[in-house]
2 protein chains.
Amino acid sequence: MDEKGISQAVIGRLPRYFRYLGELRDEGVERISSQELSELMHVTASQIRQDFNNFGGFGQQGYGYNVEYLYREIGKLLGLDKTHHLIIIGAGNLGQALGNYMNFERRGFILKGIFDKNPDLYGRKVRGIEVQPMEMIERFVKENDVDIAVLTIPKTGAVAVAEMLVANGIKAIWNFAHVDLNVPEGIQVENVHLSDSLMKLSYNLERYSRMKEKE
Amino acid sequence: MDEKGISQAVIGRLPRYFRYLGELRDEGVERISSQELSELMHVTASQIRQDFNNFGGFGQQGYGYNVEYLYREIGKLLGLDKTHHLIIIGAGNLGQALGNYMNFERRGFILKGIFDKNPDLYGRKVRGIEVQPMEMIERFVKENDVDIAVLTIPKTGAVAVAEMLVANGIKAIWNFAHVDLNVPEGIQVENVHLSDSLMKLSYNLERYSRMKEKE
């Protein structure tokens, strides 16, 4: 299997497959055809087969996929069979909200540290973890084998902080700062631009009302 | 201009154009060619032209686009020349974080109300707005001309709450609940599935290390 050529669009759909398969598994479903999965997920069966073929097809037989096997294999691809160590940079509302979100831990994403540049927040606890000064990051990342940094700071300064994180060995950045980061090859970035998402919703809302007016 | 056929992929790129054009405008740049914009945004000039052609092209001339005009027109498409009234359903960490995020208001998204089913939270204030019981939503939506609901509740119950919101006149749902909502045609939904995003990051991290191992 050559993963290099797999598009980010395909990869972006893997977590959704994983979610639906997990629910099927919890319901005790043992096998499912691409047709049944297609109806459940509102995507075409051919897209499902094409997506899965990127990863070797997962042993689709005449009678469909083995749910447990498919769930486990997609989970492995997503790295969920391993533990990842996270730090949060920016202990504001959003950083605290993400820190308090228990579900990530259930998937093996373990919050190890929280950092902020605001001294008023030092020592404040988020899920039992004390907020530390930014200056502690370098040592902390080394000692705690941290691979993912969650960036929940304003866009000013985010680019510089991302560079500092990469220089200190961070391999992946989950970026909530409203700016596009420029990182070296081999460093993974996943952006969650909340304003962009809200604007897209607003566009669709306005488009619908523009279309209704025309009718 | 027929907006009906414009794909969600194109629409999803509009906020990013808007962001870059806003920055250019703030820097005093008056005109920009698709080539210059392309280098800045790391997308091809032909994609930019194709995207813009969906909306009539925005008067690209030999010497490029008028930044101010383009910024304003894309803003109008995104509905940012209007005011939208929001309510947040779910006053937990994430709901509070989004409620406290000032930037949305600057774009015309005005938070009007916050609701939760947990009585312990009633009366607690988020940016001066008191958390109210869910039972108040029906009357509140009518009296406050609310068009967007932000759903920050756990996935259990989210589908039923979304149905109740739609029945009460909500036209758009910004969905943070980790479940796909099934809404009638004409109701807009934009999902922010945070776990999916983290898993995609994790996939890319693992893929890179798998590729390195093979080398």
Side-chain angles (χ1 to χ4, degrees), chain A residues 3-4 6 8 11-12 14-16 18-19 41-42 76-80 82 84 92-101 103-104 107-109 147-148 171-174 178-180 186 188-212, chain B residues 3-4 6 8 11-12 14-16 18-19 41-42 76-80 82 84 92-101 103-104 107-109 147-148 171-174 178-180 186 188-212:
Chain A
E3 287 182 88
K4 205 174 174 182
I6 300 172
Q8 287 297 313
I11 295 161
L14 284 181
R16 189 159 179 262
F18 184 74
R19 174 153 49 95
M41 295 182 64
H42 300 288
K76 269 193 240 169
L77 283 169
L78 293 170
L80 305 181
K82 297 186 186 165
H84 295 96
N93 283 297
L94 185 59
Q96 291 185 37
L98 293 171
N100 279 312
Y101 196 61
N103 271 350
F104 298 143
R107 294 284 179 225
F109 299 97
D147 45 8
I148 300 177
K171 295 278 176 285
I173 299 177
W174 199 19
H178 200 209
V179 63
D180 297 322
Q188 314 305 322
V189 175
E190 181 67 20
N191 294 309
V192 182
H193 290 328
L194 292 175
S195 317
D196 288 12
S197 164
L198 181 55
M199 285 185 202
K200 189 173 173 224
L201 181 63
S202 170
Y203 172 88
N204 284 320
L205 184 62
E206 291 305 315
R207 168 166 79 168
Y208 190 76
S209 82
R210 283 191 287 260
M211 277 168 15
K212 281 283 141 195
Chain B
E3 288 183 86
K4 205 173 173 182
I6 300 172
Q8 288 298 313
I11 295 162
L14 284 181
R16 189 161 178 260
F18 183 75
R19 174 153 49 94
M41 295 183 63
H42 301 285
K76 269 193 241 170
L77 283 169
L78 293 170
L80 305 180
K82 297 186 185 164
H84 293 96
N93 284 296
L94 184 59
Q96 290 185 35
L98 293 172
N100 279 312
Y101 195 62
N103 270 350
F104 298 144
R107 293 283 178 226
F109 299 97
D147 44 6
I148 302 177
K171 296 277 177 284
I173 299 176
W174 199 20
H178 200 210
V179 62
D180 297 322
Q188 314 305 322
V189 174
E190 180 68 22
N191 294 309
V192 183
H193 291 328
L194 292 173
S195 317
D196 287 12
S197 165
L198 181 56
M199 285 185 201
K200 190 174 173 222
L201 181 63
S202 170
Y203 172 88
N204 283 320
L205 184 64
E206 291 306 315
R207 168 166 77 168
Y208 189 77
S209 84
R210 284 191 287 261
M211 278 168 14
K212 283 282 138 193

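Sequence lines set the chain letters: A, B, ... in the order given, protein chains first and strands last, and positions in each chain run from 1.
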S.K.: Please rank G79(B), A172(B), G99(B), S202(B) by heavy-atom pairs under 4.5 Å with chain A and give me the top one.
M.R.: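 Of the options given, most contacts go to S202(B).
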S.K.: Hey, are E3(A) and R207(B) close enough for a salt bridge, meaning a charged N less than 4.0 Å from a carboxylate O?
M.R.: no
S.K.: May I ask you to name which of K82(B), K76(B), K212(B) has the most heavy-atom pairs under 4.5 Å with chain A?
M.R.: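 Of the candidates given, the most pairs with chain A belong to K82(B).
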S.K.: State the CG-CG distance between L205(B) and L78(A), to the nearest 0.5 angstrom.
M.R.: 12.0 Å
S.K.: With chain B as the partner, which of L80(A), N100(A), V189(A) has the greatest number of non-hydrogen pairs under 4.5 Å?
M.R.: N100(A)
S.K.: Highest number of heavy-atom pairs under 4.5 Å with chain A: which of G95(B), S195(B), G92(B), A97(B)?
M.R.: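 It is A97(B).
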S.K.: What's the separation between atom CG in L201(A) and atom CD1 in I11(B), rounded to the nearest 0.5 Å?
M.R.: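 It comes to 11.5 Å.
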S.K.: Considering only heavy atoms, which portion of L14(A) lies under 4.5 Å from any heavy atom of chain B: side chain, backbone, both, or neither?
M.R.: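 The side chain, not the backbone.
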S.K.: Measuring from atom CZ of R16(B) to atom NZ of K200(A), what distance do you get when rounded to the nearest 0.5 angstrom?
M.R.: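 Answer for the CZ-NZ pair, R16(B) versus K200(A), is 15.0 Å.
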S.K.: Sort out for me which of H178(A), M211(A), H42(A) touches chain B most, counting heavy-atom pairs under 4.5 Å.
M.R.: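 Of the options given, most contacts go to H178(A).
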S.K.: One pair to check against side chain to side chain contact (heavy atoms under 4.5 Å, CB included): R210(A) and L77(B). What are the steps and the verdict?
M.R.: CA-CA 10 Å; R210(A) 283 191 287 260; L77(B) 283 169; 4.0 Å; yes
S.K.: Look at V192(A), L198(A), L98(A) and state which one has the largest set of heavy-atom pairs under 4.5 Å with chain B.
M.R.: L198(A)
S.K.: Measure distances from L94(B) to the heavy atoms of chain A and classify the residue's part below 4.5 Å as side chain, backbone, both or neither.
M.R.: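 Both backbone and side chain.
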S.K.: In terms of heavy-atom pairs under 4.5 Å, which option from W174(A), F109(A), F104(A), F18(A) contacts chain B the most?
M.R.: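 Of the candidates given, the most pairs with chain B belong to W174(A).
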S.K.: Run the side chain to side chain contact (heavy atoms under 4.5 Å, CB included) test on R19(A) and D196(B) for me, step by step, so that the C-alpha distance in whole Å, both residues' side-chain angles and the decisive distance to 0.1 Å come before the verdict.
M.R.: CA-CA 9 Å; R19(A) 174 153 49 95; D196(B) 287 12; 3.4 Å; yes
S.K.: Among the options D147(B), D180(B), V179(B), pick out the one with the most heavy-atom pairs lying under 4.5 Å from chain A.
M.R.: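 The candidate making the most pairs under 4.5 Å is D180(B).
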S.K.: Looking at H84(A), K171(A), Q96(A), which one has more heavy-atom pairs under 4.5 Å with chain B than the rest?
M.R.: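 Ranked by heavy-atom pairs under 4.5 Å with chain B, first place is H84(A).
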S.K.: Measure distances from H193(A) to the heavy atoms of chain B and classify the residue's part below 4.5 Å as side chain, backbone, both or neither.
M.R.: side chain
S.K.: Quick one, Y101(B) with N93(A), criterion side chain to side chain contact (heavy atoms under 4.5 Å, CB included). Give me CA distance, side-chain angles, the key distance, then yes/no.
M.R.: CA-CA 8 Å; Y101(B) 195 62; N93(A) 283 297; over 6 Å; no
S.K.: So for E206(B), is it side chain, backbone, both, or neither that comes closer than 4.5 Å to the heavy atoms of chain A?
M.R.: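 Contact with chain A: side chain only.
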S.K.: Check each atom of I173(A) against the heavy atoms of chain B and say whether the ones under 4.5 Å are side chain, backbone, both or neither.
M.R.: backbone
S.K.: Where on I148(A) is there a heavy atom nearer than 4.5 Å to chain B: the side chain, the backbone, both, or neither?
M.R.: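 The side chain, not the backbone.
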